[in-house]
There are 2 protein chains.
Amino acid sequence: MEAKDRYHHGSLRKTLMDAALDSLEKDGLQGLSLRKLAESAGVSKTAPYRHFKDKKELLINIAADGFGMLADRLAVAGPADAAPGAEATAEAGHPAVDAGADVMRLFRAYIDFARERPALYKLMFSPLGYSLHSEKCRLNSERALGYLFSAVGKAQAAGWRSGRETRALGLSIWASVHGWATLLIDNLLPEWIAGNGDEWIAHAQALLI
Amino acid sequence: MEAKDRYHHGSLRKTLMDAALDSLEKDGLQGLSLRKLAESAGVSKTAPYRHFKDKKELLINIAADGFGMLADRLAVAGPADAAPGAEATAEAGHPAVDAGADVMRLFRAYIDFARERPALYKLMFSPLGYSLHSEKCRLNSERALGYLFSAVGKAQAAGWRSGRETRALGLSIWASVHGWATLLIDNLLPEWIAGNGDEWIAHAQALLI
DNA sequence: GAATAATGTTGACGCTGCCTACATTCGCGA
DNA sequence: TCGCGAATGTAGGCAGCGTCAACATTATTC
């Protein structure tokens, strides 16, 4: 925006991260190259190495942010009593009526996120196993899963599948939602369900409800 | 094995496919390069292009074979009456007792396959969307899923979750098993479940049973 | 046996990640 | 205010990759 001809960029790290996210959305993980990012930031091809040890480290940071975004989404879509101004609905008091509904809302939010940012979601769960090597990745993913697990626990307390161990049920739900997300993203489902709509929900409920 | 100095390889295509599968298991998709495959086959770097249009076409064929292998696995692990010599158990006649057991056996076989050949499994469901672009891929994957769906249908006929639509339930089961497979493969589960053992089964049953 | 198709080779191009050596600028302590 | 070290950016180069075009060799077929 300002003088472009100064030696130091000023905020190259953030610029590269933003550009990487854009590139991911546009061309996928395949099309993301450090050199292109550098060029788009108006900087030489090796400048990125002052901020990231290598390409993998950049991607790990992107993935970590992705888990953060997912966690934020789930937080917003979480159980009513976790959202601000929830006391009202709590007072209204129909606790056990739609016990599974909260879980289903998270399920939905999770998949919405994955479908909005498919390349990012794939990166987050990519072959390189990013989430294991980064503390930030681990923390954010644990936060995201935390919302899911606590919703499952509360739903159980309200009578939904109360017989099962919460830990086991939570992991099963996670596996299920992750499976749906990847199948939807990769367009592996038959046409009568793979559209952009919510037809998948009716099917997913066959197992969940 | 024989004279190595003849101009034509004789079975380069198959050799390349085998080498590709090996490379996949050993170094993952990342480490697979056409040039290395060519060299391991004792052939020049561009020779593979006489048998595959490009790298992607090779991988699509590998993926198609993978779906074939998966289908074979599921066929063997399928409902007892589909296996040879099953009349005996059928005569014994406890049809509805463990209606979900057949589904669970397929579930197990599916995940065993994925864990034995993680790189191949990931390729089969990789970002490139292989299964869509190849007839062989599509047919083999449909065969594999066919076993799963028919097991679900039979289990329903025997009383297991009989209220649900088979198509929806089958897809949900597939999403679930696929989710478990990828989470296990990528080591994203907590240590207390991610071992090589079958601890995951107890957890998966929390949703399935 | 000659024409033709199938198969393999050579050399090159552009792209990539990343290394080493060097240049510029920033920020802090004297 | 100066100067020095740290932070940041640049230039050039290397090896590996997928792929293309041109050419060589062998198999097949009339």
Side-chain angles (χ1 to χ4, degrees), chain A residues 1-24 26-63 119 123 126-130 133-134, chain B residues 1-20 22-24 26-63 119 123 126-130 133:
Chain A
M1 288 304 162
E2 320 181 2
K4 314 182 92 175
D5 50 353
R6 61 195 196 287
Y7 196 84
H8 286 103
H9 182 284
S11 55
L12 183 53
R13 187 190 162 93
K14 170 143 185 34
T15 301
L16 288 174
M17 292 276 288
D18 291 348
L21 200 60
D22 283 357
S23 170
L24 216 51
K26 205 184 306 173
D27 305 317
L29 185 54
Q30 297 264 22
L32 189 155
S33 94
L34 283 189
R35 289 167 106 109
K36 277 192 255 174
L37 295 185
E39 192 186 357
S40 87
V43 103
S44 85
K45 57 178 156 24
T46 50
Y49 289 91
R50 299 297 150 185
H51 300 273
F52 304 96
K53 182 173 141 286
D54 51 21
K55 184 179 184 180
K56 186 176 173 182
E57 193 179 285
L58 202 194
L59 294 180
I60 289 178
N61 278 277
I62 297 286
L123 170 66
S126 88
L128 296 111
Y130 293 132
H133 303 324
S134 155
Chain B
M1 289 301 163
E2 319 179 2
K4 316 182 89 178
D5 51 353
R6 61 197 197 286
Y7 196 86
H8 285 104
H9 181 285
S11 55
L12 182 54
R13 187 190 163 93
K14 171 146 183 32
T15 301
L16 288 174
M17 292 275 288
D18 292 348
D22 284 357
S23 169
L24 215 51
K26 203 184 306 172
D27 305 316
L29 185 53
Q30 297 264 20
L32 188 156
S33 92
L34 282 188
R35 290 168 104 110
K36 279 193 254 176
L37 295 184
E39 190 185 1
S40 87
V43 102
S44 85
K45 57 181 151 39
T46 51
Y49 289 89
R50 300 297 149 184
H51 301 273
F52 305 95
K53 180 175 143 286
D54 51 21
K55 186 180 185 179
K56 186 174 173 182
E57 192 179 287
L58 203 194
L59 293 179
I60 289 178
N61 277 276
I62 298 287
L123 170 65
S126 89
L128 295 110
Y130 293 131
H133 303 322

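Since the model is a prediction, treat every value here as computed from it, not as a measurement. Protein chains get the first letters and strands the later ones, always in sequence-line order, with residue 1 at the start of each.
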- Query: Partners of B:R13 by side-chain contact (heavy atoms from CB on, under 4.5 Å), sequence neighbours excluded?
  - Reply: B:H51, B:F52, B:N61
- Whole-Å distance, A:R35 CZ to D:dG12 C1', equals 11 Å
- Task: Tell me what B:K36 touches on the nucleic acid: a base, only sugar-phosphate, or nothing, going by heavy atoms under 4.0 Å.
- Result: sugar-phosphate
- Query: Is there a donor-acceptor contact under 3.5 Å from the side chain of A:K36 to the main chain of A:G31?
  - Reply: yes
- Contacts of B:E39 that satisfy side-chain contact (heavy atoms from CB on, under 4.5 Å) - sequence neighbours left out: none
- NZ of A:K53 versus C1' of C:dG17: gap in Å, rounded? 12 Å
- To the nearest Å, how far apart are A:K55 NZ and C:dC18 P? 8 Å
- Euclidean distance, atom CG of residue B:L16 to atom P of D:dG18 [Å, nearest integer]: 12 Å
- In B/S/- notation, 5' to 3', how is nucleotides 3-11 of chain C contacted by protein heavy atoms closer than 4.0 Å? ----BBBBB
- For B:K14, what residues pass the side chain to side chain donor-acceptor pair (under 3.5 Å) criterion, not counting sequence neighbours? B:D18
- Item | Spacing of A:D54 atom CG relative to D:dG16 atom P, expressed in whole Å | 18 Å
- Can you tell me how far P of C:dC15 sits from CG of A:D27, to the nearest Å? 15 Å
- Rounded interatomic separation in angstrom, taking CD from B:Q30 and P from D:dG16: 17 Å
- side-chain contact (heavy atoms from CB on, under 4.5 Å) partners of B:K45, counting only residues at least two apart: B:R35
- Task: Mind checking side-chain contact (heavy atoms from CB on, under 4.5 Å) for A:S40 and listing every partner two or more places apart, or none if nothing turns up?
- Result: A:A19
- Measure from CG on B:L34 to C1' on D:dT19 and round the result to the nearest Å. 9 Å
